[in-house]
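Since we're looking at a predicted model, the values are computed, not measured. Quick note on labels: first sequence line is chain A, next is B, and so on, each numbered from 1.
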Protein chains: 2
Amino acid sequence: MSTSEHGKHTPSVTMRDVAKAAGVSVATVSHVVNDKAGARIGAEARRRVQEAVAALGYRQNALAKTLSQGTSRFIGLVADAIATTPFAGQIIHGAQDEAWKHGYVLLVANTDGNTAVENDAIAMMLEHQVHGILYSTWYHREIVVPEALHQTDAVLVDCFADGSGLRSVVPDEEQGGRTATEELLAAGHRRIAFINTTTPSPAQSGRLAGYRSALTAAGVGFDESLVFPSEPAQEGGYAATSRVLASGATAVFCHNDRVAMGLYDGLREHGRRIPEDIAVMGFDNQDVIAAHLRPPLSTVALPHYELGAAGVRVLLGIEEPPAPSLQLRVACPPIQRESI
Amino acid sequence: MSTSEHGKHTPSVTMRDVAKAAGVSVATVSHVVNDKAGARIGAEARRRVQEAVAALGYRQNALAKTLSQGTSRFIGLVADAIATTPFAGQIIHGAQDEAWKHGYVLLVANTDGNTAVENDAIAMMLEHQVHGILYSTWYHREIVVPEALHQTDAVLVDCFADGSGLRSVVPDEEQGGRTATEELLAAGHRRIAFINTTTPSPAQSGRLAGYRSALTAAGVGFDESLVFPSEPAQEGGYAATSRVLASGATAVFCHNDRVAMGLYDGLREHGRRIPEDIAVMGFDNQDVIAAHLRPPLSTVALPHYELGAAGVRVLLGIEEPPAPSLQLRVACPPIQRESI
DNA sequence: CTGAAAGCGCTAACAG
DNA sequence: CTGTTAGCGCTTTCAG
């Protein structure tokens, strides 16, 4: 260790240093390090520059570059809850991968849903000259757009705000509900119960609509008495067990994996085997749960990674949500395991 | 909508614009917007500047500022898996909150454990003049440090590399194991089984050491035959059930919550009630699982949020890991629920 | 083919 | 108290 403390702090080799070492001008260096198209640089000069770069360990200063070009390579991601759920992480992951792919870098901020923090976060991103902002929530819902968001290009991820004029990317709840139901139908079930959440949300109405449409399309018909309300957690699924059993259903589509997990418990207590006696379908594909229940739970995945990735694509103008909703709906694919 | 497309793209009001509008120089503007200590600015001038700022909607350009000051406000976080687990998100969250608190901004990158990506990520961060880098893994382990990391200030989070000279922040596995065991001891148990993982890791040895020391300290003594090997997932806990039962233990400390979840299943099949017939203690406090098992699982929490936060504190020199290990161990607190 | 020079938006002495 | 003036590291015409 030559330096004191831990700081290997930037001896900062600049372009000028490289230029001097290579015996050329900074303009030339700039051209070779950026592989400028229109710039015809002599083989000899180019070689000398490259050698100098290697020798000195030169690295561009992305900030200076941004300043001089006037265009930044940052994309901001403000989330209401990075951590409350395993899901949020996937959104970050998808956004980061996609941003990276296009040469952008992600600036993240967590706000815990606090409006003041939210505004600060957005302000900070604006000061950093972000190209745009991804505003995401950890579960699909309608939001009221923070005022500050309008000062830049923004796209909503896993949330939406009708009439705001903002583009958004959300999971296709209806298609998801339909898919889940179709899986059960395909296994031969005709009497399919649906334990739905009592919380009003796009998930509640969308999944129900999907369930209904799949049933109808299969000529089975929708039976109101087969849908059971429940809080969207283990406790709710457990509590719904006897009613579901009493309905004579041979399969049950649960609003989410946690409900399914509770139902598993209830079913077991009633001595029912899954899937022999009754099939169970979840929703969300919450890994820690779904993949490890016994039997592993068949479910439908919430495409969080894709939401994040699609968010940056929309922001960069690579993809365009259809008018008039300006919502890009991304599919929720079925995950087959052993509960059907 | 006045502008075409979605771009409210930076009309960019600069300091010069403000200066002109306020009839002062840019230096004056700089002083008032930064509330410079030593700068005595007349009340009148200050007011005019503030008005101009408000009127024009001026916002600092953080990048230009950085460039001129030579010191950036970025902290990089490179993670091997942002999303694979609910945990990683908490590290980001903690790091982000703490960084923010000190006026820093988090730049995140996910590498999926891919070395090439890792180096690119680090290079990118260096180009952005980060103040330093937090290198984190999603489970506590020893790593080999990417070469590039040595080119800046770095601290390891949830991992370590003895002899690398790098400071790290890790969970205190031993204290965690001790705490878990003590909870069981406090409930009056004397014959306490331990289902440990078969995977060598700081968690494996640390939790065992803690279990052992708690037992010894309580005068109960360590009994090798009470520790059962298991893969660290539901399946392992389930499989260990009969052996555990045969041992006559009245309580069992599981290597993690997932193992506990599997054990719950096994115990139920054997007709044992928790905690009446046998007490169960987990580890990790994996929310989706622990809080919603029936009965809710008592466990010990892995302090991911704190790891992230402490990581930035160490990076900023606010906290200093003790030599010679250079490891800052953060406590794993017990979470009491109803399985004991 | 290559170099000089003018900025990008802001800060920091240093003069007045 | 406030304005001038150099840069920070890089890009980008525009000459040569």
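Panel note: side chain A/Thr111, backbone A/Ala79; a donor-acceptor pair is recorded below 3.5 Å. Listed for the B/Asp17 side chain is a donor-acceptor partner under 3.5 Å among the backbone atoms of B/Thr14.
Separating the CG atom of A/Leu63 from the P atom of C/dC8 is a distance of 18 Å, rounded to the nearest angstrom. We find that CZ of B/Arg16 is positioned 14 Å from P of C/dT11, with the value rounded to whole Å. Distance, A/Asn61 CG to D/dC8 C1': 9 Å, rounded to whole Å. Atom CD of A/Glu44 and atom C1' of C/dC1 are 13 Å apart (whole Å). Whole-Å rounding puts the A/Asp17 CG to D/dG9 P distance at 8 Å. Look at CZ on A/Arg48: it is 15 Å from P on C/dC1, rounded to the nearest Å. A straight line from CG of A/Asn34 to C1' of D/dG9 spans 12 Å, rounded to a whole angstrom. In this structure, B/Lys20 places its NZ atom 16 Å from C1' of D/dG3, rounding to the nearest Å.
In this structure, the side chains of A/Arg59 and B/Gln151 come closer than 4.5 Å at one or more pairs of heavy atoms.
Which of D/dT12, D/dG9, C/dC10 sits closest to the side chain of A/Ala64 comes down to D/dG9. When distances run from any side-chain atom of B/Ala27 to the nucleotides D/dT4, C/dG3, C/dT11, the shortest one goes to D/dT4. Proximity note for B/Ser25 (side chain, C-beta onward) versus D/dT4, D/dT11, C/dT11: the nearest is D/dT4. For B/Met15, whose side chain is taken as the heavy atoms from C-beta onward, the closest listed nucleotide among D/dC10, D/dT13, C/dT11 is C/dT11.
B/Gly42 comes within contact range of the sugar-phosphate backbone alone, with a heavy-atom separation under 4.0 Å but no base atom that close. At the heavy-atom level, B/Val29 lies nowhere under 4.0 Å from the strands shown.
Side-chain nitrogen and oxygen atoms of B/Gln60 include at least one within less than 4.0 Å of the OP1 or OP2 phosphate oxygen of C/dT11. Taking 4.0 angstrom as the limit, B/Thr14 places none of its side-chain polar atoms (N or O) nearer than this to OP1 or OP2 of C/dG9. Distances shorter than 4.0 Å separate none of the side-chain N or O atoms of A/Arg46 from OP1 or OP2 on C/dT2. Considering only side-chain N and O atoms, B/Thr28 lies nowhere under 4.0 angstrom from the phosphate OP1 or OP2 of D/dT2. Under 4.0 angstrom from either OP1 or OP2 of C/dG7 there lies no side-chain N or O belonging to A/Gln69.
Under the 4.0 Å criterion applied to side-chain N and carboxylate O atoms, A/Glu98 and A/Lys101 are assigned as salt-bridge partners. A salt bridge is defined here as a Lys NZ or Arg NE, NH1 or NH2 lying under 4.0 Å from an Asp or Glu carboxylate O, and A/Arg48 with A/Glu51 fails to meet this definition.
In terms of position along DNA chain D, the nucleotide closest to B/Leu67 lies nearer the 5' end than the nucleotide closest to the other residue of the pair B/Leu67 and A/Val33. Both A/Ser30 and B/Ala45 lie close to DNA chain D; mapped to their nearest nucleotides by heavy-atom distance, the more 5′-ward contact belongs to B/Ala45.
Few gaps surround CZ on B/Phe74; more than 12 heavy atoms of other groups in view lie less than 6.0 Å from it.
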